[in-house]
Amino acid sequence: MSASTDEVAVERHGFQAEVSRLLHLMVHSVYSEREVFLRELISNASDACDRLRYLAQTAPDLLNDASGHDFRIDIVVDKDAGTLAITDNGIGMNRGDLIDNLGTIARSGTSAFMAGLTGDAKKDINLIGQFGVGFYSVFMVADRVTVLSRKAGEAEAWVWESAGDGEFSVQSGERSGRGATITLHVREDAKDFLDQVRLETVVRKYSDHIAVPITLALREGGKEGLPLSVNKGSALWTRSKGDITDEQYKEFYHHVGHAFDDPYATIHYKAEGALEYTVLLFIPGMRPFDLFDPARRSRVKLFVKRVFITDECEEILPAYLRFLKGVIDSEDLPLNISREMLQHNPVLAKIKKAVTNRILGELKKKAEADAAGYANFIELFGAVLKEGIYEDHDRRAEILRLARFRSTAVDGWTSLDDYIARMKPQQTAIYYLTGDDLDAVKRSPHLEGFKARGVEVLLMSDPVDDFWLTVMPDYEGKPLRSVTRGASDLQNIAATENEKQESAAPEGELSALIAALKENLKEAVKDVRATDRLTDSAVCLVADEGDMDMHIARLLRQNKQLMKDAPRILELNPQHPLIKALSARAATPGGLDALADIALLLLDQARLLEGEPIPDPSAFAKRLSDALMRAVG
Ligand code: ADP
Ligand code: MG
């Protein structure tokens, strides 16, 4: 402890620029659901208790101070002073913590919130509801806030204070035990939060599911009323399903998942037998902002006998289920388990396996019971789920059955089973086309012949599609075939009546053209051949049967993982007027003197249609100009 000083040193700090922007928004908010600040404060207090409870497993002395052994959260409304104070006896914050945690934007959700700001105040305020922006939301209702805190195990206490303008101050303070007290000087226009009935309703709503007991007391006319207990203080997941309302589940989801939407699914059960554990997991109804974070981390919280252990455990759920939020509470793991010991832990491995099976089972039920809801789930998380086809060898087919796809035959999503049910009598393969985005895929010339014959093609545009397709050659005994690879076997499939019966270039003339093109293009292509894949376009590129699919090759090239790509096959549409005209000329002696340019133009055209880069754009532009000159000249 420092010697007594006559003058207390007050340090002033400026907020990080983003925080200032956020505060400005908070201070000027007219957001109708300002009560969410209480959700944030209660949530933080409960998190602080969880974190200390974990540390105390190995360092029990941390609890030996005036704040006592039993965790609690006390809320006091002081009508005389116009303040609202929330006190917890959790881990607390020291000087550095206060500056770091309450002066910057540490939390990634808040950065996502900031990134989502439009500058339009009305829209931006609604974002608060979607993200909840943590501690700073206190400035929606308070014109001054102080945080008096002492960190567990430390002797000194600190006071953080701010009026929600550009800066905050930190100075040393007095506090008998560890924990934090957040005091809000309630704004004139938010005095309803000093009303006991109003406050009780709000606190109850946000604390019902909190595992720490919460009390509410009123101070008025110099007298303090008895603290009223507002929640059960038992962990929600330990209660039986029948005792939990939808509203309570939802609020718990918001707390545990840092989420603000309605969950799509709630999975709550207790496993008993060789291993005992309780699961309360939620599938969000909105995409979490960090879903495609390269770390692919699950945020499900691991508890051991009601003690929070970690929310950064890679072994708890497979990465392809990382969109789930919630809690898994084990009775079998030791309480003093360190985060390192969780790696390769056999108990955890068994829990992971069983919970994964359960979740996939729930998804199957959801898909059968409510196609529209499931379509929305696929829209949000289908791309992540499909990572499992690549990664989870044992459940490959099961996950593929749960996956849904765009297709040329339906407007919405289709399962592979439904695709198979629609297959043509002669059709033996499941056809697909992959690309960068759905619109580009839909426009691909490779689809023309399939469309004309009414043969359905699955349209895939998630980057992961190209990867799982490399490990999944078939489904239910039907090969999965790219329409851009190998020879087309369309002639084996019955033609539909509406198929265009255009006359084709005569065989001999076409062979002459093909020979001439090969002669001119040399190594630039692997082969030149006629195709029945096309109806409207003159040419297209395809990969040879054994070669890498063109889209995946392009992805790998973009990531510098593939230096040299195999040459492609140039296919010609014998019914196209240009090909017919060129064929006719090719058959006459000296008829194709200028073929070098035409051959290269045809190849570049096919590349463009494919979305492939053109190796020499200036040469292409020159050839095109020359061709146009001949046309006008
Ligand atoms: P989040 O809770 O998502 O991290 P907040 O803005 O709500 O974001 O809080 C920021 C940080 O401030 C917390 O992560 C925590 O480290 C710290 N904090 C807030 N309230 C408390 C508290 N009552 N006790 C201890 N630390 C707290
Ligand atoms: Mg918080």
Side-chain angles (χ1 to χ4, degrees), residues 443-450 452 482-491 500 502-551 553-554 564-631:
R443 280 194 305 264
S444 170
H446 296 105
L447 295 175
E448 292 171 5
F450 289 86
S482 167
V483 298
T484 68
R485 186 157 51 175
S488 153
D489 47 7
L490 274 174
Q491 65 274 16
K500 279 194 246 156
E502 295 280 344
S503 66
E507 202 73 35
E509 295 180 7
L510 193 60
S511 320
L513 177 64
I514 288 174
L517 287 173
K518 278 188 194 165
E519 176 66 28
N520 276 281
L521 293 172
K522 299 204 171 68
E523 271 82 61
V525 292
K526 192 165 190 176
D527 196 6
V528 180
R529 69 187 179 205
T531 186
D532 52 9
R533 210 186 299 267
L534 301 173
T535 58
D536 299 328
S537 303
V539 288
C540 71
L541 282 178
V542 297
D544 202 2
E545 194 67 62
D547 289 343
M548 190 181 282
D549 184 85
M550 286 189 286
H551 183 240
R554 195 152 66 237
K564 208 168 154 17
D565 199 0
R568 302 306 180 191
I569 296 168
L570 180 67
E571 288 194 339
L572 312 180
N573 175 1
Q575 296 170 353
H576 193 279
L578 176 62
I579 301 301
K580 282 198 279 191
L582 287 171
S583 302
R585 284 246 226 130
T588 61
L592 277 182
D593 289 340
L595 193 72
D597 276 352
I598 294 175
L600 288 167
L601 273 174
L602 284 178
L603 178 58
D604 280 344
Q605 185 188 350
R607 284 181 175 132
L608 278 174
L609 283 168
E610 188 52 41
E612 291 275 325
I614 290 187
D616 187 349
S618 63
F620 166 74
K622 179 162 186 322
R623 266 179 228 119
L624 186 60
S625 302
D626 290 349
L628 291 172
M629 277 306 293
R630 281 197 294 277

Show the nearest heavy-atom pair for residues Ala505 and Leu510, with the distance to one decimal.
CB-CD1, 4.3 Å
Does a side chain donor of either Asn573 or Ser537 reach within less than 3.5 Å of an acceptor in the other side chain?
no
Before giving the answer on side chain to side chain contact (heavy atoms under 4.5 Å, CB included), spell out for Leu541 and Leu609 the whole-Å C-alpha distance, their side-chain angles and the decisive distance to 0.1 Å.
CA-CA 9 Å; Leu541 282 178; Leu609 283 168; over 6 Å; no
Worked check of side chain to side chain contact (heavy atoms under 4.5 Å, CB included) between Leu572 and Leu513:
CA-CA 10 Å; Leu572 312 180; Leu513 177 64; 4.0 Å; yes
Atom pair NE2 (His576) and OG (Ser583), whose distance is rounded to the nearest 0.5 Å
12.0 Å
Kindly determine whether Arg607 and Asp604 satisfy salt bridge (Lys or Arg N to Asp or Glu O under 4.0 Å), including the steps that lead there.
CA-CA 5 Å; Arg607 284 181 175 132; Asp604 280 344; 2.8 Å; yes
Keeping the roles fixed (side chain from Arg485, backbone from Asp544), state whether a donor-acceptor pair exists under 3.5 Å.
no
Does Arg554 reach the main-chain N or O of Glu610 with its side chain, forming a donor-acceptor pair under 3.5 Å?
yes
Assess whether side chain to side chain contact (heavy atoms under 4.5 Å, CB included) is satisfied between Arg568 and Met550, documenting all intermediate values.
CA-CA 8 Å; Arg568 302 306 180 191; Met550 286 189 286; 3.2 Å; yes
Derivation and outcome, salt bridge (Lys or Arg N to Asp or Glu O under 4.0 Å), residues Asp626 and Arg630:
CA-CA 6 Å; Asp626 290 349; Arg630 281 197 294 277; 5.5 Å; no
Arg529: partners by side chain to side chain donor-acceptor pair (under 3.5 Å), with sequence neighbours left out
Glu571
Once salt bridge (Lys or Arg N to Asp or Glu O under 4.0 Å) is applied, do any residues pair with Glu448, and if so which ones, sequence neighbours excluded?
none
Test side chain to side chain contact (heavy atoms under 4.5 Å, CB included) on Leu600 and Phe620; report intermediate values, then the result.
CA-CA 8 Å; Leu600 288 167; Phe620 166 74; over 6 Å; no
Result of checking Asn520, Leu517, Val539 against Val528 for side chain to side chain contact (heavy atoms under 4.5 Å, CB included)
Leu517
